[in-house]
Each structure stands twice: as structure tokens, then as C-alpha cells.
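This report refers to the structure that appears directly beneath it.
Everything quoted here is computed from the prediction, not taken from an experiment. This chain uses plain numbering: 1 for the first residue, then up along the sequence. In listed order, ligands and their atoms are each counted from 1.
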Amino acid sequence: MRECRIEVVPGGPALVRGADVVADPDGAAHPVTRPVVAVCLCGLSQRQPWCDATHKVAEGS
Ligand code: FES
């Protein structure tokens, strides 16, 4: 079994390392093709389940 690590960035996404697949809230599976991916936690990304940095606009930075 491969290790998967998740780091939550305060006010931002979850950085996921070592995953093969990320499931969105509807249960759809999204293959992971990079060593680290940023998963949206704010719900505002237009590229769900991936973070597109919209959280920065939402927080005003
Ligand atoms: S956490 Fe970055 S767009 Fe949602």
C-alpha cells in the first residue's frame, strides 16, 4: 500500500501527495497525474475538485 499525505493550507486547498485518484463530492473519480495536487476546500473553484486559486479572490488577497 502506498502512503498518501494530505496537508491543509490555511485558507486554501489541501495539498495531496501520493494519491492515485481524488473523488469529488458527487463521487466522481478524478485520476491524479502529478506527484502533488491541490484539492479545493473552499468550494469556489471552477475546476473541481482541483484548486484554481479562486480562494485568494474570495479572501481578498
Ligand atoms: S481552495 Fe483554492 S479555489 Fe478553493
Practice prompt. Evaluate side-chain contact (heavy atoms from CB on, under 4.5 Å) for Cys40 paired with Asp52, printing each intermediate quantity in order.
Written response: CA-CA 8 Å; Cys40 177; Asp52 67 359; over 6 Å; no
Please output the side-chain donor-acceptor pairs of residues 28-37 that fall under 3.5 Å, not counting sequence neighbours, one pair per line with the distance.
residue : atom : partner : partner atom : Å
His30   : NE2  : Asp24   : OD2          : 3.0

Practice prompt. With atom 2 (Fe) of ligand 1 as the centre, enumerate protein N/O/S atoms below 2.8 Å in chain and residue order.
Written response: Cys51 SG, His55 ND1
Discussion item. For His55 versus Pro13, what's the shortest heavy-atom pair and its separation?
Written reply: CE1-CD, 3.8 Å
Worksheet item: Step by step, would you call Arg5 with Glu7 a salt bridge (charged side-chain N to carboxylate O under 4.0 Å, His left out)?
Response: CA-CA 7 Å; Arg5 298 182 64 97; Glu7 175 188 350; over 6 Å; no
Worksheet item: Mind checking who shares a hydrophobic cluster with Leu41, ILVMFWY linked at side-chain heavy-atom distances under 4.5 Å?
Response: Val8
Fill in: With sequence neighbours excluded, residues passing side chain to side chain donor-acceptor pair (under 3.5 Å) with Asp26
none
